[in-house]
Number of protein chains: 2
Amino acid sequence: MTITLKDIAKISGVSAATVSRVLSDDPRISGATREKVLARIRESGYRVNDIARSLKTRRTNTIGFIAPLLAEEFFMTVAQGVEDELRAQGFHMLIASSKEDPRIECECIELMTRRWVDGLILIPCAGDGSRLARLAKSRVPLVLVDRLLKGFRADAVVVDNAQGTRRAVARLMERGITRVGFIGASRKISTARDRYRGYVQAHRDHGIALDPAIVKFGDFHQESGYGLMRELAAMKRPAGGVFIANHYMYLGAAQYLLESGNIYRHDYAIINFDEMSATPVIRLAKLTVSQPSREIGAGAARMILGRVRGERTGPPETLTLGTGLVAHDDAYSLNSMINKPGA
Amino acid sequence: MTITLKDIAKISGVSAATVSRVLSDDPRISGATREKVLARIRESGYRVNDIARSLKTRRTNTIGFIAPLLAEEFFMTVAQGVEDELRAQGFHMLIASSKEDPRIECECIELMTRRWVDGLILIPCAGDGSRLARLAKSRVPLVLVDRLLKGFRADAVVVDNAQGTRRAVARLMERGITRVGFIGASRKISTARDRYRGYVQAHRDHGIALDPAIVKFGDFHQESGYGLMRELAAMKRPAGGVFIANHYMYLGAAQYLLESGNIYRHDYAIINFDEMSATPVIRLAKLTVSQPSREIGAGAARMILGRVRGERTGPPETLTLGTGLVAHDDAYSLNSMINKPGA
DNA sequence: CTGTTAGCGCATTCAA
DNA sequence: TTGAATGCGCTAACAG
């Protein structure tokens, strides 16, 4: 027995339309009736039924957000940025994870679309954009975040992964470390591809030949980083440095170095990508490429709302944010570890 | 101009009611018409409008999930557990974060309720349950997760925080470490309170007097752990061990110990609460109390669905899961650090 | 400034 | 087994 707008109309002695107008702050309503109606609303504990409203207006004030996983700090920091911005603008957020599986991703999109989300923010999984063709043809605005899709133009918010990587690797080279290993992920993912590209560019910039033997591709997860670091460490001619393409691979690599005791034997100059809450505690990396993850999310939210509100029309735009580069002079190293304990 | 159920009825030469029945797998529909209608649906690319359906059925197949923050691994691992279970059962998840602010929390609840969520899973912020009185009186099922609220009975999924802490601290005491410091959070949060209780119990169990000077309360965040660890380290008579009440405080404490170089001077026997992805890499703790975070989420999802479907009625139930205790024999320590580099 | 009218797209009585 | 009629709660013309 929920109380409806019509009930309010009745007990206020006005029409339903008037109540509706009060609810939506229609300017051409007299102060008197507005007060009266608001009073009845307050007394009665009436609450709008957003579903009914949506059926009529064809807008749900809801944005869908789909990420490969929920329990990853980068994705969820982006999500937090999105949510903050959306809530500030009166929007809801429907969330789902694709498990890096295009089929699940499609299913999520389908379900959210059925629920009439006003727009969709997507951190896509690997592959090209063909699976999104139908969505693109529908009228539902879409913003791609973090990763781009081959052969698919859409609004997007990304960082300059190639440039961030290139600069970091170059920095190492300028310090005289020319043999730098690479621990990355499948190039079916644009960020993985671009980070690899930046790594290659740095070599070209410095006229250094790239040794394929120390270039390893895995899958952005901890186990992968662990395994690839082990491979790298097993080489007869070890690398002087290593670029590790994301936070979880860095965790895995670090775990290997610590568990194996390798860290006490060889002083790798490590570059890691992503500055997360645990980064200051790991302290194995000399250089960290950071991303403004929260801003990425906020930017995506603003972008989608621009479309939803019709403030922005026309061809897709891409917002490219820059990366940061943080040097850790306090990183562990063979030398510092030998020296410090004496202190 | 989206195509509707009525359109399908027309092109199929049947009534809207029939199409509706086909859509909901009504058993008393002839195989022939069912096939025919399904064919038209497929050809036309028709898709149900869930909003209209919800207005009619008063169910949205959507569960709201509210956590203090999105970008924290524990909360999001719970969220992942919830989402997996919900999606398997055909439900959506609306998500929001309260920022540990009861006012924002209330606002989120209000907004989700207006959108007719079928149920609400809440990791509440500090305080008592009075703010939820209205929600409790409404017909919307609620499941509390992780934290309980004083003076408020509701379905809940928690772990035995006191027991987990008690056992871990006891373990340290049995190894002869009797002076154990405490780094915890505000006792306005039930988990913080219970972990403190477990710490106190361990002392009582072993007949050890508790020294208030080494018991510190902060706020579950990194900065707090950092600051409290510094206070502890500054004591003239240092503790032999420290219990640190959650992952982020542990990160902060670890950061302090490393930055200050204190770790090279004093070998704290550390217990930390929560096993997260970075835990194996930090390696400062000798003992870790783990929680089945994903299972907590899955359990909460099952619990709320039981209510939503009316399979479960009657008084609130509490599902209490156990904690794990992991020993890290490979943890750093002053001795290991001095010895290893020689290798 | 306010009321009347007419649906939004679907599920569900009640008849047939 | 199927159809016709009705309304969920709200907004948006169009009048007045």
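Below, chains carry the letters A, B, ... as their sequence lines are ordered, and counting in each starts from 1. Keep in mind the model is a prediction, meaning the values are calculated, not measured. These values consider heavy atoms only, across backbone and side chains, with no hydrogens, waters or symmetry-generated copies.
Rounded to whole Å, atom C1' of C:dG7 lies 9 Å from atom CG of A:Leu55. Between the CD1 atom of B:Ile3 and the P atom of C:dC8 there is a distance of 15 Å, rounded to whole Å. Between the CG atom of A:Leu5 and the P atom of C:dT4 there is a distance of 14 Å, rounded to whole Å. Here C:dC10 presents its C1' atom at 13 Å from CH2 of A:Trp116, a figure rounded to the nearest Å. Atom-to-atom, CZ of B:Arg21 to C1' of C:dC10 comes out at 13 Å; the value is rounded to the nearest Å. One interatomic measurement links the two molecules: CZ of B:Arg58 to P of C:dG9, which rounds to 20 Å at whole-angstrom precision.
Within a 6.0 Å sphere centred on CZ of B:Arg47, other residues, nucleotides and ligands contribute more than 12 heavy atoms.
Within the 4.5 Å cutoff, side-chain heavy atoms of A:Val140 are placed close to those of A:Leu135. A:Arg115 has its side chain within reach of B:Ile51: a pair of non-hydrogen atoms, C-beta onward, lies under 4.5 Å apart. Side-chain contact between A:Leu69 and A:Glu72 is present, with at least one heavy-atom pair separated by less than 4.5 Å. Looking at heavy atoms from C-beta onward, B:Met303 lies out of side-chain contact with B:Ile121 at the 4.5 angstrom threshold.
For the side chain to side chain contact (heavy atoms under 4.5 Å, CB included) test with A:Val145, the passing option among A:Val158, A:Ile123, A:Leu122, A:Ile304 is A:Ile123; the others fail.
Contacts of A:Thr57 with the nucleic acid, taken as non-hydrogen atoms under 4.0 Å apart, involve only primed sugar atoms and P, OP1 or OP2. Contact annotation for A:Val14: backbone-only contact, meaning every heavy-atom pair under 4.0 Å involves sugar-phosphate atoms and none involves a base.
Between B:Asp128 and B:Lys188 there is no salt bridge, since none of the side-chain N atoms of the basic residue sits less than 4.0 Å from a carboxylate O of the acidic one.
Contact check, A:Ser15 against C:dG3: a side-chain N or O comes under 4.0 Å of OP1 or OP2. Residue B:Arg59 has no polar side-chain atom (N or O) positioned under 4.0 Å from OP1 or OP2 of C:dA11.
For A:Lys56 and C:dG7, a side-chain-to-base donor-acceptor distance below 3.5 Å is present, hydrogens and geometry of angles not being considered.
No donor-acceptor distance shorter than 3.5 angstrom exists from the side chain of A:Ser20 to the backbone of A:Ala16, with no hydrogens or angles considered.
A heavy atom lying under 4.0 Å from DNA chain C marks the following residues of residues 23-54 of chain B, by number: B:Tyr46, B:Val48, B:Asn49, B:Ala52, B:Arg53.
Protein chain A contacts DNA chain D from D:dG9 to D:dC14, reading 5' to 3' and using non-hydrogen atoms of the protein with a distance under 4.0 Å.
Checked against side-chain hydrogen bond (donor to acceptor under 3.5 Å, both in side chains), A:Thr60 has the following partners two or more places apart in sequence or in another chain: A:Asp118.
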